[in-house]
Number of protein chains: 2
Amino acid sequence: MYSKSEENYLKAIYHLESIAKHGVSTNGIAGEMETKPSSVTDMVKKLADKGLVNYVKYQGTTLTEKGKKTALGIIRKHRIWEVFLLETLDFQWDEVHEIAEQLEHIKSEELINRLDTFLGNPQYDPHGDPIPDKNGNIKRLEKKLLSELNKKEQGILVGVKETNTDFLKYLDKRRIAIGTPIKVIGKEFFDGSMIIQVQKEQFFISKKIAENLFIHI
Amino acid sequence: MYSKSEENYLKAIYHLESIAKHGVSTNGIAGEMETKPSSVTDMVKKLADKGLVNYVKYQGTTLTEKGKKTALGIIRKHRIWEVFLLETLDFQWDEVHEIAEQLEHIKSEELINRLDTFLGNPQYDPHGDPIPDKNGNIKRLEKKLLSELNKKEQGILVGVKETNTDFLKYLDKRRIAIGTPIKVIGKEFFDGSMIIQVQKEQFFISKKIAENLFIHI
DNA sequence: TTTCAATTTTAGACATAACTAAAATAATAA
DNA sequence: TTATTATTTTAGTTATGTCTAAAATTGAAA
């Protein structure tokens, strides 16, 4: 088994790799982990010894297959716990991340699989990110910001970017929640504002709102 | 906040104090923690610096009020998580302890309180031990082994001692579960066997069975 | 009351995972 | 191509929590 610290490094490297496809820099990892580059060098060597990353001095780091699978396992745990906190314990969107950061390091395959079953095998977490399955398979992410859609396009809400309380209350008021279908009725190119249809109602939303909603097409 | 290790020491000291009422020995803690006495001395000094225990060289250790409250907080978490694993995720009795050992160290008051609410504020864990409340108040434990009861006495099952699979299957077959009322109809002093009543049925059980069932009177 | 055994503490060492400061390497500009 | 800057690595230190071996203290038996 890997330490909490090792797991967090793997997660950070996975995250960086998914943004820029090539090997990730020591500085980059240090930024992501909020630590110093020298600490990263030490850790990355250790991960290389364990066969989790490919590391060549001054050349950057990439995950091996084993490292990738391990990272996806942790991400799976994180996202399933987030769903649990939100759906079962009624936490607010902005409270779940910190707790899930701790819960993702609990060692038990059985626990996470049972939790997954209990939650009905959710496919996406509250931020609209796909949840990897037991074998580390993860859905290609086809989510877009609502603001990127054009007139007549539609999809379902899979997540939010901003988790500010006022924003979440606004969504509640408008009856917009994860899973809600949303259709773009009209779009104003001058200011990016839109008319959208939610359930049977149509209403106006600003660009700012549209930029904070993730849609799955 | 306290480290996982500090929390485990507090739990161990609490446990030892509840068995023998006076101060606990360094060797005793070492036994409970499966570590060496020298490690215990180091840690106990640290806990004393933090005001969690009273420690006098060569004289043993006792929890301060603060230490006791902290220990009860951890025990509360442990027992609530055990209930969750058993009731919500359908784990077997013997699988929950190890996972709860990890979960009890998750830092979030809010999480444990919401979980408690979700579970309906359970008063006892699956072993029949009382769950402390938010303020660290814990019920006096009035549980006895079924084997200690006499003819005509009765109570409800609050826990089991043995968690062997065959034993648990036996209980299932007999429709005996946590919360089940049990009444002693007859008791044979020669071998300690009993006739008990469960729901509407009466049947024979051996001393060995009776010694593994905790009853709350 | 002295002696011996058990308990407990101290001293010194080790692993993990972090840090600072300095050295080495790579990338960029002149 | 050389000089300068940015990045990365190394070397040495620190804190936590453990360990072993040796010293100190306590308690029990002779």
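Basis for what follows: all heavy atoms, side chains included, without hydrogens, waters or symmetry-related copies. Letters A, B, ... are given to chains in the order of the sequence lines, protein chains preceding strands, and every chain is numbered from 1. Keep in mind it's a predicted model, so treat the numbers as computed, not measured.
Proximity note for A:Lys45 (side chain, C-beta onward) versus D:dT7, D:dT18, D:dT10: the nearest is D:dT10. Checking D:dT8, D:dT20, C:dT7 against every side-chain atom of B:Lys36, the shortest atom distance belongs to D:dT20. Between D:dT18, D:dA11, D:dT8, one nucleotide has an atom nearer to the side chain of A:Thr26 than all others, and that is D:dT8. Nearest to the side-chain atoms of A:Ser39 among the listed nucleotides C:dC19, C:dT8, D:dT8 stands C:dC19. For A:Met43, counting side-chain heavy atoms from C-beta on, the closest listed nucleotide (C:dA24, C:dT9, C:dA18) is C:dA18. If you check D:dT10, D:dT8, D:dT18 against the side chain of A:Tyr58, the one that comes closest is D:dT8. Nearest nucleotide to the A:Ser38 side chain, out of C:dT10, D:dA11, D:dT8: D:dA11. Among the nucleotides D:dT9, C:dT10, C:dT8, the one closest to the side chain of B:Ser25 is C:dT8.
In this structure, the CD atom of A:Gln59 is 21 Å from the P atom of D:dA6, given to the nearest Å. Rounded to whole Å, the distance from CG on A:Asp49 to C1' on C:dT16 is 14 Å. The OH-C1' distance, from B:Tyr55 to C:dT10, rounds to 10 Å in whole Å. Summarising the geometry, the separation between CG on B:Asp42 and P on D:dT20 is reported as 13 Å, rounded to the nearest angstrom.
For the pair A:Tyr9 and C:dA18, the criterion of a side-chain N or O lying under 4.0 Å from OP1 or OP2 is met. Residue B:Asn27 places at least one side-chain N or O under 4.0 Å from the OP1 or OP2 atom of C:dT8. Taking only side-chain nitrogens and oxygens, B:Lys57 comes nearer than 4.0 Å to OP1 or OP2 of C:dT10.
Classification of the B:Phe167-B:Tyr170 ring pair by plane angle, with boundaries at 30° and 60°, yields parallel.
Checked against A:Arg76 for a side-chain hydrogen bond (donor to acceptor under 3.5 Å, both in side chains), the options A:Asp125, A:Asn113, A:Asp133 give a single hit: A:Asn113.
Across all strands shown, B:Ser5 has heavy atoms under 4.0 Å from sugar-phosphate atoms exclusively, and none from any base.
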Practice task
Give the C-alpha distance, both sets of side-chain angles, the deciding distance and a yes or no for salt bridge (Lys or Arg N to Asp or Glu O under 4.0 Å) between B:Lys50 and B:Glu6.
Solution key: CA-CA 10 Å; B:Lys50 297 192 178 183; B:Glu6 288 168 333; 2.6 Å; yes
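Ring to ring, A:Phe84 and B:Phe84 are close: their centroids are under 6.0 angstrom apart.
Side-chain N/O atoms of B:Ser25 and B:Asn27 include no donor and acceptor closer than 3.5 Å.
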